[in-house]
Novice: 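For reference, the structure I am asking about is given below.
Since this is a predicted model, take the numbers as computed values, not measurements.
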Amino acid sequence: MKAKSLFLSLFSLLILAGCQDDFLALSPETDRNTVNFYKTAADFNNAVVGTYASLKLGGTYNTSLYWMGEVSTDNTNYGVTTRQAVNVDNFQFIDHSYTSLNDIIYAAWRDHYRGISRANAILSRIETAGIPDNLKAQYRGEAQFLRALLYFNLVRLYGDVPLVTTEITEADGASSLTRTPSAEVYNLIISDLQSAEQVLPVTYGSTDVGRAPQGAAKALLGKVYLTRKEWDKAATKLKEVITSGRFQLLPKYADVFSFATPTNAEILFNVQYKSGNTGQGSGFGPVQASEGARITGGSMRYVTADMEAAYETGDLRKSFSMKSSYLDATGQLVTQRYVSKYVQFGALAGDSDIDFPVIRYADVLLMYAEALNEVGFNPEAVTYLNQVRQRAGLAATTATTQSSFRLAIEQERRVEFAFENHRWFDLVRTGRYITVMNAKGLTVQDFHTLYLIPQREMDLNRSLTQNPGY
């Protein structure tokens with residue numbers, strides 16, 4: 001059984017329970033926090049672990065990002081047909097008729113800012129801390145990486161968002177913050193990642209499995225540049241990851257997601273889970289697998305017919321990532337598409353060991369190919385796309401022009417990163433979301449390239465304004 005050293009800290013459990021304050025309803029910190037904590041290297045290590053733990057909250061990679069990044073697209077649907085009061089919010093991602101009271105969208109805002117507040121507390125205090133310089137630099141870099149990741153998600157989901165870079169200790173300290181222009185938010189993201197890549201370790205020892213290495217900061221920075229259409233900068237940064245020699249495609253696609261080898265040469269950064277520890281296991285597999293497939297739990301998100309048809313004949317990724325049928329408890333074949341990528345058979349509901357990938361080396365290769373192509377159709381870009389296709393058992397791409405290569409990259413990203421929360425972000429980033437969705441009978445409008453600001457946040461902070469169209 002694998003060791004998950006980063007998330008087994010007792011503090012990660014305590015901070016999850018003790019930091020459930022809403023971003024715009026903060027409470028004054030206790031004397032215990034301000035006087036006795038943030039003193040020793042162990043204190044800061046625990047605080048960093050708690051910031052990593054924010055990636056497992058319901059509003060981050062645990063739940064909300066899947067609904068907002070996958071279910072709102074042509075990849076998956078709800079898997080429930082009966083509409084009830086308890087699932088109104090869920091069906092809004094099928095209908096694309098969001099309201100400001102949607103709890104899934106609200107949780108994303110709330111929990112991303114929870115993580116940011118933890119990172120800000122570290123960054124506000126660490127420079128004056130009496131701890132070794134090497135640890136000070138590492139913890140600062142980790143906090144900056146995590147803050148950048150969280151803000152990157154927020155600015156893509158909501159557009160202009162309040163930019164908070166220091167610790168808020170007053171109960172009403174966030175009640176009058178206005179939305180900061182997205183360009184300024186991106187400036188902080190870029191600055192954080194540029195600083196982080198300078199101080200993060202290239203690798204970690206076995207006792208620090210799961211922490212963000214230098215390569216993760218470089219890759220995320222490359223994705224930021226790609227999102228901003230700064231093609232040359234994106235290509236330069238992503239090439240640094242490629243030429244570092246630290247990462248590679250695993251021979252078998254399925255091995256990337258194995259609970260037995262969660263830390264491998266293809267994973268730059270993932271959200272780690274460990275079964276058998278309260279609140280530390282993953283529930284992705286049971287939630288997405290078919291209710292009758294003899295997997296503990298029941299599906300909430302099924303694979304669409306369009307997603308199934310997106311796989312080319314012979315694509316080795318398909319049989320691992322999804323299933324088209326299952327045998328029920330009586331041995332009868334039931335035709336039902338479901339996600340199998342995160343299934344760990346035998347695991348209890350909500351207590352799987354399978355991690356959730358945030359940045360993979362395949363992503364680096366495809367982003368690099370995309371950046372090269374946007375500068376101008378380049379045979380070098382084709383070689384990087386074909387590396388991913390070859391691993392999937394497919395022939396080389398037939399794209400021979402810049403425009404056809406764009407569509408080839410779009411297609412490859414869809415099947416390579418199926419059910420990993422990329423689809424909505426990719427289509428919005430490339431300006432293709434409206435065209436693709438409407439062509440498939442999924443009625444979306446221009447303003448759906450951003451989500452709405454939660455009503456609860458606007459009620460707490462009258463300075464916030466709503467996104468156009470909502």
Side-chain angles (χ1 to χ4, degrees), residues 69 73-75 152 155-156 182-183 186 189-190 218-243 247-249 253 268 306-307 309-315 317 359-418 420-440 442 444 446 448-450:
T73 75
D74 49 354
N75 279 6
F152 186 43
V155 75
R156 290 183 295 164
S182 59
Y186 273 113
I189 294 168
I190 292 170
K218 288 179 179 290
L220 183 58
L221 182 54
K223 179 167 285 192
V224 172
Y225 286 139
L226 195 73
T227 302
R228 289 169 56 86
K229 297 179 170 40
E230 299 181 59
W231 315 120
D232 287 330
K233 289 182 178 180
T236 297
K237 191 55 59 179
L238 295 165
K239 188 63 177 290
E240 289 178 15
V241 179
I242 294 171
T243 58
F247 308 98
Q248 63 183 35
L249 294 178
Y253 183 77
L268 279 74
D306 187 80
M307 179 72 240
Y311 289 97
E312 298 172 53
T313 301
D315 193 329
R317 295 168 293 199
I359 308 173
R360 296 201 276 119
Y361 187 61
D363 195 5
V364 173
L365 295 177
L366 293 180
M367 287 193 294
Y368 182 59
E370 182 178 339
L372 291 179
N373 185 60
E374 292 302 329
V375 175
F377 183 68
N378 188 328
E380 183 185 2
V382 176
T383 65
Y384 289 99
L385 169 60
N386 284 338
Q387 285 184 37
V388 178
R389 290 180 60 81
Q390 182 179 18
R391 198 259 299 269
L394 300 176
T397 181
T398 58
T400 56
T401 65
Q402 185 182 54
S403 58
S404 64
F405 194 79
R406 283 180 181 139
L407 294 179
I409 287 287
E410 180 182 298
Q411 158 67 14
E412 202 63 33
R413 290 188 64 85
R414 185 183 187 189
V415 291
E416 175 68 26
F417 306 117
E420 295 179 41
N421 302 351
H422 288 263
R423 182 64 169 166
W424 183 87
F425 292 105
D426 281 346
L427 291 177
V428 170
R429 172 175 57 78
T430 58
R432 293 263 297 157
Y433 182 62
I434 307 301
T435 299
V436 171
M437 294 299 105
N438 286 344
K440 296 176 180 179
L442 301 171
V444 297
D446 290 344
H448 287 136
T449 56
L450 290 176

Novice: Going by heavy atoms in the side chains, are V415 and M307 under 4.5 Å from each other?
Specialist: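 Sidechains of M307 and V415: in contact.
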Novice: Closer than 4.0 angstrom, basic N to acidic O: yes or no for R423 and D74?
Specialist: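 Yes, this pair counts.
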Novice: Under a 4.0 Å threshold between the charged nitrogen and the carboxylate oxygen, would E412 count as salt-bridged to R389?
Specialist: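 Yes.
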Novice: When rounded to the nearest 0.5 angstrom, what distance separates CZ in R317 from CZ in F417?
Specialist: 9.0 Å
Novice: For the backbone of E380 and the side chain of T383, can you confirm whether one donor and one acceptor N or O come within less than 3.5 Å of each other?
Specialist: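 Side chain of T383 to backbone of E380: a pair is present.
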Novice: Does K218 reach the main-chain N or O of K239 with its side chain, forming a donor-acceptor pair under 3.5 Å?
Specialist: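 A pair under 3.5 Å: no.
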Novice: Distance from T236 atom OG1 to Y225 atom OH, nearest 0.5 Å?
Specialist: 9.0 Å
Novice: Apply the test side-chain hydrogen bond (donor to acceptor under 3.5 Å, both in side chains) to residues N373 and R406: give CA-CA distance (whole Å), side-chain angles for both, the deciding distance (0.1 Å), then the verdict.
Specialist: CA-CA 8 Å; N373 185 60; R406 283 180 181 139; over 6 Å; no
Novice: Kindly compute the distance separating CG (L221) from NZ (K223), expressed to the nearest 0.5 Å.
Specialist: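 L221 CG to K223 NZ: 12.5 Å, rounded to 0.5 Å.
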Novice: Between R391 and E416, does any NZ, NE, NH1 or NH2 come within less than 4.0 Å of an OD or OE carboxylate oxygen?
Specialist: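 Salt bridge between E416 and R391, a charged N being under 4.0 Å from a carboxylate O: yes.
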Novice: Working to the nearest 0.5 angstrom, can you tell me the gap between E230 CD and I190 CD1?
Specialist: 5.5 Å
Novice: Could you state the interatomic distance from NE2 (H422) to OG1 (T73), rounded to the nearest 0.5 Å?
Specialist: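 With rounding to 0.5 Å, NE2 (H422) is 12.5 Å from OG1 (T73).
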